[in-house]
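Taking it in order: structure first as structure tokens, then the write-up.
This one's a predicted model, so the numbers in the text were calculated from it and none came from an experiment. As a basis for the values below, the full set of heavy atoms in this structure was taken, side chains included, without hydrogen atoms, waters or symmetry mates.
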Amino acid sequence: RRSERPRSGRGLGRNKARIDPDPVNFCVAWRGTSGCKKTGPRIQSQDRACDKPVNDNMSGFCECKDAEGSVEKVEFDCERGRAPFQCASTCKEMVRKKGMASKLTKAEASRQESESE
């Protein structure tokens, strides 16, 4: 009979850390990429929780999820001298700006509608 456990190097692996999302700040996680490029191949071992600092020698993206469930990325290349940040605050700011843009768009639509009457 075959064992139900995955062999070493296959399946989930023992070193994969669980990263819990931070819904209060609309953050899923930091997703690491290689080559100092925000669009580089993903490196799961460099993923981080929302409250962990992201340093200037790291590339990847903050994976954010707004209240409606839309997933957005805020991407970063490596950038020497960039101040460390946390995805929790980055996602919260992105959702705030997106919400403001949405409100402005609705207000603009209402204004244009009233002008055309």
Side-chain angles (χ1 to χ4, degrees):
R1 209 174 139 185
R2 290 188 140 179
S3 170
E4 296 296 319
R5 289 187 316 175
R7 289 188 209 158
S8 179
R10 293 187 184 167
L12 287 177
R14 293 181 184 186
N15 295 331
K16 186 171 181 180
R18 178 176 165 80
I19 298 175
D20 292 321
D22 179 359
V24 171
N25 291 306
F26 308 101
C27 181
V28 178
W30 166 259
R31 304 298 186 192
T33 60
S34 68
C36 270
K37 301 288 182 196
K38 59 188 170 196
T39 57
R42 287 266 298 111
I43 302 177
Q44 289 184 345
S45 63
Q46 292 183 8
D47 289 359
R48 292 177 168 237
C50 297
D51 63 343
K52 300 295 181 201
V54 175
N55 299 314
D56 65 351
N57 65 340
M58 299 171 73
S59 63
F61 56 92
C62 294
E63 185 177 344
C64 309
K65 187 182 281 190
D66 67 19
E68 288 82 41
S70 297
V71 176
E72 304 265 347
K73 295 178 185 177
V74 182
E75 301 174 313
F76 297 89
D77 288 330
C78 295
E79 185 181 329
R80 181 177 235 170
R82 178 184 68 209
F85 64 90
Q86 297 174 342
C87 283
S89 57
T90 300
C91 288
K92 189 174 185 176
E93 180 67 12
M94 185 274 305
V95 170
R96 185 186 71 78
K97 285 180 180 177
K98 183 179 170 187
M100 288 177 72
S102 175
K103 287 176 187 172
L104 289 173
T105 302
K106 288 175 188 174
E108 180 68 17
S110 289
R111 187 181 62 76
Q112 287 177 354
E113 194 175 282
S114 64
E115 286 177 356
S116 66
E117 292 176 352

Listed by chain and number, what are the side-chain hydrogen bond (donor to acceptor under 3.5 Å, both in side chains) partners of [X], not counting sequence neighbours?
X   : result
N57 : none
T33 : S59
Q46 : none

For the residue pair A88 and N25, what are the closest heavy atoms and their distance?
O-CB, 3.4 Å
On a heavy-atom basis, the closest approach of A29 and C50 is N-SG, 3.7 Å
Under the rule for side-chain contact (heavy atoms from CB on, under 4.5 Å), what residues qualify as partners of E63, not counting sequence neighbours?
V28, R31, F61, V71
For C64, what residues pass the side-chain contact (heavy atoms from CB on, under 4.5 Å) criterion, not counting sequence neighbours?
C62, V74, C91, M94
For residues 80-87, dump all side-chain donor-acceptor pairs below 3.5 Å to protein atoms at least two apart in sequence or in another chain.
from, atom 1, to, atom 2, distance (Å)
R82, NH1, D77, O, 2.7
R82, NH2, N55, O, 2.6
R82, NH2, M58, O, 3.1
Q86, NE2, D51, O, 2.9

Residues which pass salt bridge (charged side-chain N to carboxylate O under 4.0 Å, His left out) with E72, listed by chain and number, not counting sequence neighbours:
K98
Which pairs with one or both residues in residues 36-57 pass ring pair (Phe, Tyr, Trp, His ring centres under 6.0 Å), sequence neighbours excluded?
none
Working note: R42 + D47, criterion side chain to side chain contact (heavy atoms under 4.5 Å, CB included); need CA distance, chi angles, decisive distance, verdict.
CA-CA 9 Å; R42 287 266 298 111; D47 289 359; 2.8 Å; yes
